[in-house]
Amino acid sequence: MFDQIAGRYDLLNRLMSMGIDQSWRRKTVTAMELPPNARVLDLATGTGDLALMIARRHPDARVVGSDPSKRMLEVGIEKVKRIGLTGRVELQEGDAQALPFDDDSFDGCCIAFGIRNVPDRDAALAEMARVTKPGGRVAILELSEPHVGLLSPVARFHVRQVVPLLGGMLSGSREYRYLQKSIAAFPPADEFAEQMRVAGLNVLDIKSFTFGACTLFVGEPWEAS
Ligand SMILES: C[S@@+](CC[C@H](N)C(=O)[O-])C[C@H]1O[C@@H](n2cnc3c(N)ncnc32)[C@H](O)[C@@H]1O
């Protein structure tokens, strides 16, 4: 599905979130509290926006971005080359449910707008806990139905009506219907936090952004406590 929309994915993200998606990613990078010379894993990296942001904000970090969509990765690899970060950002094909990395091999692990798409979320969360070093942060950014504040009905209308319509028109694809449905189907924050705990992560923080349209979950592997 993501192969079909890869060419316009970045543009659609910026338009439909009115540019706010990048500020959510910035908050995710900050929440990871990366140490110097960090090795970081960005799952469901897509076109690499979060991986690139990590590398730019941490000039000594090396980032591996992993995603099963070849087309999304191709767009991402072009961006990495254009920005001149080939030496520090490596994008590769991979599935979050079964990672080809050793235990405790990353100082931080993140996934933005991706965990919703993974069929076996428990497996992906357990993999994130497994490959992250004790004391390292696991950051999960995900869209949610806006229910916070007086203006949340307006934001809900945007997510339910405007996003599928605009996304369909601009991408020429019906996949943006799926986006709205998958957001509505994502579990409430407390339920997802419980899923994280069961998978081996201590939940350190849960932050809600923009009337609840986006939630950031921050955890660390159990071993740290
Ligand atoms: C909405 S995009 C998010 C891309 C990027 N993280 C961002 O911040 O824009 C969701 C991504 O999840 C990926 N995805 C789908 N199934 C996956 C899986 N099982 N494991 C890892 N990534 C997956 C898709 O290929 C797609 O690139």
Side-chain angles (χ1 to χ4, degrees), residues 1-32 40-57 63-80 89-101 106 108-128 130-131 138-144 159 163-164 166-167 170-171 173 175-186 199 209-210 213-217:
M1 177 184 111
F2 283 95
D3 278 344
Q4 291 178 27
I5 57 171
R8 293 194 171 179
Y9 176 79
D10 288 349
L11 173 68
L12 286 165
N13 261 354
R14 297 299 117 74
L15 281 177
M16 291 191 302
S17 77
M18 294 173 276
I20 300 174
D21 60 315
Q22 285 293 68
S23 81
W24 295 335
R25 288 191 189 84
R26 267 194 292 281
K27 289 178 170 137
T28 305
V29 179
T30 305
M32 290 182 80
V40 189
L41 177 62
D42 177 35
L43 294 173
T45 194
T47 60
D49 274 346
L50 184 56
L52 286 167
M53 191 178 278
I54 293 167
R56 281 171 150 159
R57 296 225 1 225
V63 189
V64 176
S66 159
D67 196 287
S69 163
K70 281 199 174 72
R71 264 303 288 144
M72 293 288 274
L73 289 174
E74 278 166 19
V75 174
I77 289 167
E78 273 313 304
K79 281 159 58 177
V80 173
V89 178
E90 185 197 334
L91 303 188
Q92 56 179 244
E93 244 181 285
D95 185 329
Q97 299 160 117
L99 298 173
F101 305 109
F106 292 94
C109 178
C110 52
I111 183 166
F113 316 121
I115 195 74
R116 203 172 14 98
N117 303 299
V118 177
D120 188 345
R121 263 177 225 148
D122 295 335
L125 291 171
E127 282 292 77
M128 294 177 90
R130 180 183 69 77
V131 302
V138 170
I140 300 168
L141 187 66
E142 194 45 272
L143 296 170
S144 29
V159 172
V163 166
L166 200 65
L170 296 178
S171 69
S173 152
E175 310 309 349
Y176 280 86
R177 286 257 156 241
Y178 159 82
L179 173 67
Q180 187 271 325
K181 284 198 184 120
S182 66
I183 294 171
F186 194 70
F209 306 128
T210 323
C214 187
T215 309
L216 173 63
F217 301 86

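Start at 1 and go down the list; that is how both ligands and their atoms are numbered. Since the model is a prediction, treat every value here as computed from it, not as a measurement. Numbers here simply count residues along the sequence, with the first being 1.
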Asker: When rounded to the nearest 0.5 angstrom, what is the spacing between CG in N117 and OG in S182?
Answerer: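 Separation between the atoms: 6.0 Å.
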Asker: How many angstroms lie between atom CD of E90 and atom CG of D42, to the nearest 0.5 angstrom?
Answerer: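 CG of D42 is found 13.0 Å from CD of E90.
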Asker: What residues, two or more places apart in sequence or in another chain, satisfy salt bridge (Lys or Arg N to Asp or Glu O under 4.0 Å) together with R116?
Answerer: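 Salt bridge (Lys or Arg N to Asp or Glu O under 4.0 Å) list for R116, sorted by chain: E142.
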Asker: Taking only residues two or more places apart in sequence, or in another chain, which ones meet D21 in a side chain to side chain donor-acceptor pair (under 3.5 Å)?
Answerer: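 Per chain and number, D21 pairs via side chain to side chain donor-acceptor pair (under 3.5 Å) with R14, S17, R25.
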Asker: Applying salt bridge (Lys or Arg N to Asp or Glu O under 4.0 Å), can you list everything that pairs with D10, at least two apart in sequence or on another chain?
Answerer: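 By the salt bridge (Lys or Arg N to Asp or Glu O under 4.0 Å) rule, D10 matches K79.
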Asker: Students should find this: residues with any non-hydrogen atom under 4.0 Å from ligand 1. What is the answer?
Answerer: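 Within the 4.0 Å shell of ligand 1, which is judged on heavy atoms, sit F2, Y9, N13, R25, A44, T45, G46, D67, P68, S69, M72, D95, A96, Q97, A112, F113, N117, V118.
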Asker: Is there a donor in the side chain of S144 and an acceptor in the side chain of T215, or the other way round, less than 3.5 Å apart?
Answerer: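 Side chains of S144 and T215: pair found under 3.5 Å.
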